[in-house]
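Below, chains carry the letters A, B, ... as their sequence lines are ordered, and counting in each starts from 1.
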Amino acid sequence: MTIQASQLKRPGRKKRASEHYTPLFLLTPTLLLLVVVTLFPLVFGIGVSFTDWKLAFPGLHFVGVDNYTEAIFRSPDFQHSAAISMLFTALAVLTSLVIGFLVAIVLSQDFIGNMLARSIILLPMMMTPIVVGFNFMVFFSNDYGPVNYILQQLHILTRPVTWRGEAWPAFFAILASESWMSTPYVILIFIAGINSLPTEPFEAAEVDGARSVQQFWHIMLPLLRGPLMVAIILRIILATRTFDTVYLLTGGGPGAFTELIGLHIYRVGLGYGQIGRGNAVAILSVIMSLVLIMIALLGLSRMFGRKGTSGRSPSRRSI
Amino acid sequence: MRRRLGLTARLALVALIMSFLIINATAQTKPVTINVVTLANAELGDVLKLIVPKFEAETPGIKVQLDTLGMDTIWNKVKLDYQSGAGTWDVPILWDWWSSVIMLGNNAEPLNKYMTRDGIDAASYVPELLRDWTWKGTIYGIPYHSGVYTMYYRKDLFSDPKEKAAFKAKFSRELLPPVTWKDYMQIGEFFTRPDKNFYGLAPAGKTQADLPFIWMIYLQSVGIDAFGPDMKPNFDNKASLDFFKLWKKSFDFAPPGNIAVEHFETEPQFLNGKTATLISWTPVGGMIGNPKIGTLKAEQVATLRIPKGDGPNGKHSSMGGTWGMTINPKSKHKEEGWTFIKWLTLHERDLIATNFGYLPARKASYQFDEVKDKDYVQASLRGYENMMTAPPLAEYTDEWLDRMAKVVSAVFGGSKTPEAAAKEGQAISVELAKKAGVYKGN
């Protein structure tokens, strides 16, 4: 006897209990793993941030928002760390977007050696941050570093700069090392984005007489809004997580000038043994990252408008 | 068939019982392994690697698993071990600036009962070194190796007639080892010859614990106690401004880039003949003449006390510290750990270790010719006078060291004025002294 299709999907047919719970049951191991690995540490960390827990010391007391108010209002080190981290993140994102986009445009073209060039460009992201830190220590060395030597040969510098010992040069050194390591991620995202762009809008624009710059600004960029958003978010996350290179290159110095938020959390939590305060600073850094991401996304919306267009028509001068 | 099965079963049972007995017997005679951790350097880690086989040969029932870690990781890892209660290391050998956390956090076994039982007299130790391991009469650590800040200089250059003549022509006085900070700066200026890649001084400017040490040493050298009798911090004063100006100027007479180097990086500079002087810990003395570390020979180097202030209150000051042997309260082998510690306290160990820059912690060890004839050992004995150790800031010591180091380094890097740094140093010290409960004033 054949079963008619209409019998299988009778309206009003009640689902069996197993049909309700089977998907949930199958998802449970994954959900449990997610909870343990992500949700539990986050909730635990938030809870600890309201205590005075000290490493290797007995006792744990609830202190309310003391750790947060101390960091925000009474800790010049945190205030400076937050400010310099935000500046660092903004500059790191900008540097990577500009350089990454230009390189992606080049690598999106067909030319001999394109695959080799792509492989070489992506090497920095495969290196461990500690190795990058060591290499840049050598690059920026006062005695034998190539950076000072080349800049002096080009007469850009009249005397060697102590890159790791002076405030702004040290900042630039860690910006350079971090950008060098993270820009390949942006390049990858843009290559994928550019390669997936439809050709029709460009062909139509060319027929309409739009110049290259106009095509870039009014067609390519709005169409790349998605990859741009991903690149910005990823870069902000990578930049705010910077630890290894700054630890090695400057140690946060001179003074605490280049002590980015990641290093500051490490110093307070582990170095000082103030676990409660360290967690509070970590939560504040997450909030800081979210604020930066929101600002970036807001900027993108304003730039491209809601529908992903620039809101301006291409010039019709050439028609 | 039944008979065969019964025989097989009986044989299997006998084999099982025999295996159990053999395993049990093996477990009982297997040596106990104790885990020891200390600093990875010549006078601690390397010395212990050398003498541990001797201990194992003399005490067959105990094996030692020695872990040596860098200065930037050892304390963090040990603290995490204390926190977890895992008892990874039975005998941590740690620096006395961390002793507050170790003692007040109940992270070390009291040792008085072991010492009394085995006849180890606390009075046999240099009191300044045992002090930091004692809390309200209870001893938590036995000092093993100590260090004092001292000054090294190139005595061959100071006795060179050409150098003497040139110095006299420039400064109208004899070329002598520096006694005051003024002498120190003049010698730095005189010996700085960039065209010959040779410099007078070897300060280090990177953010590190040695920076607040130097600040405290300078203050004491001009007659000011960094922490007064009631633990009142004294950092916001003219002497601090003088310190910042002098020390910042000293980088003009140092190899380029020293403003960004760590303290330990200045030692090879001196040991390889790049600088005329070095202010550093006494174990550097044990490295002189070692061709693997530097080119200088022992006869080229002498030690003297760190310069004092120029005024009538000037006195030679120093900073000292000791590495103490402790027993982890979570250790499952406390007796074996104590056996190792007791063995290390014997004078014979000191005789080997002083060849590596190690400094004995027991007074009697300084009577041995092999120990007292070493120049750096004599320098240490001089350094014990007026020696400062860690301010008693309990669990805030690490935070004080780090924040004060940042203040000093910021002046060298140009991002803070000496006046602002002095005020900030004072504020940090008052804040943390109050939090530690050792200072009640404003």
So, the part of B/D81 with a heavy atom under 4.5 Å from chain A: the answer is neither

Max heavy-atom pairs within cutoff under 4.5 Å with chain A, candidates B/E424, B/E399, B/K416, goes to B/E399

Honestly, the part of B/E431 sitting under 4.5 Å from a heavy atom of chain A is side chain

Contact between B/L432 and B/I428 at the side-chain level, heavy atoms closer than 4.5 Å - yes or no? yes

Applying a strict 4.5 Å limit to non-hydrogen atoms, the region of B/L104 in contact with chain A is both

Comparing B/N106, B/I102, B/I259 against chain A, the one with the most heavy-atom pairs below 4.5 Å turns out to be B/I259

Dump the intermediate steps for side-chain contact (heavy atoms from CB on, under 4.5 Å) on B/Y396 and A/K54, then the final yes or no. CA-CA 10 Å; B/Y396 299 99; A/K54 294 182 193 70; 3.4 Å; yes

Bottom line for A/R277: the part with an atom under 4.5 Å from chain B's heavy atoms is side chain

Tested for ring pair (Phe, Tyr, Trp, His ring centres under 6.0 Å) against B/F235, the lone hit among B/F244, B/F243, B/F227 is B/F227

Among B/P256, B/A421, B/S415, the residue with the most heavy-atom pairs under 4.5 Å to chain A is B/P256

Turns out that what part of A/S141 lies under 4.5 Å from chain B's heavy atoms comes down to neither

Bottom line for B/K206: the part with an atom under 4.5 Å from chain A's heavy atoms is side chain

Turns out that what part of B/S409 lies under 4.5 Å from chain A's heavy atoms comes down to both

task = For the pair A/E178 and A/R235, find out whether any cationic side-chain nitrogen is under 4.0 Å from an anionic carboxylate oxygen.
result = yes

field: Min side-chain heavy-atom separation A/H264-A/F78 under 4.5 Å
entry: yes

Heaviest contributor of heavy-atom pairs below 4.5 Å to chain B, chosen from A/G165, A/P76, A/P169, is A/G165

Honestly, the part of A/Y266 sitting under 4.5 Å from a heavy atom of chain B is side chain

Quiz question: by atom type and distance under 3.5 Å, do the side chains of A/Y68 and A/S49 form a donor-acceptor pair? yes

Residues B/H263 and B/Q208: closest non-hydrogen pair is N-OE1, 2.6 Å

Please determine whether side-chain hydrogen bond (donor to acceptor under 3.5 Å, both in side chains) holds for the pair B/D398 and B/W75, giving the CA-CA distance in whole Å, both sets of side-chain angles, and the decisive distance to 0.1 Å. CA-CA 10 Å; B/D398 288 326; B/W75 183 221; 2.8 Å; yes

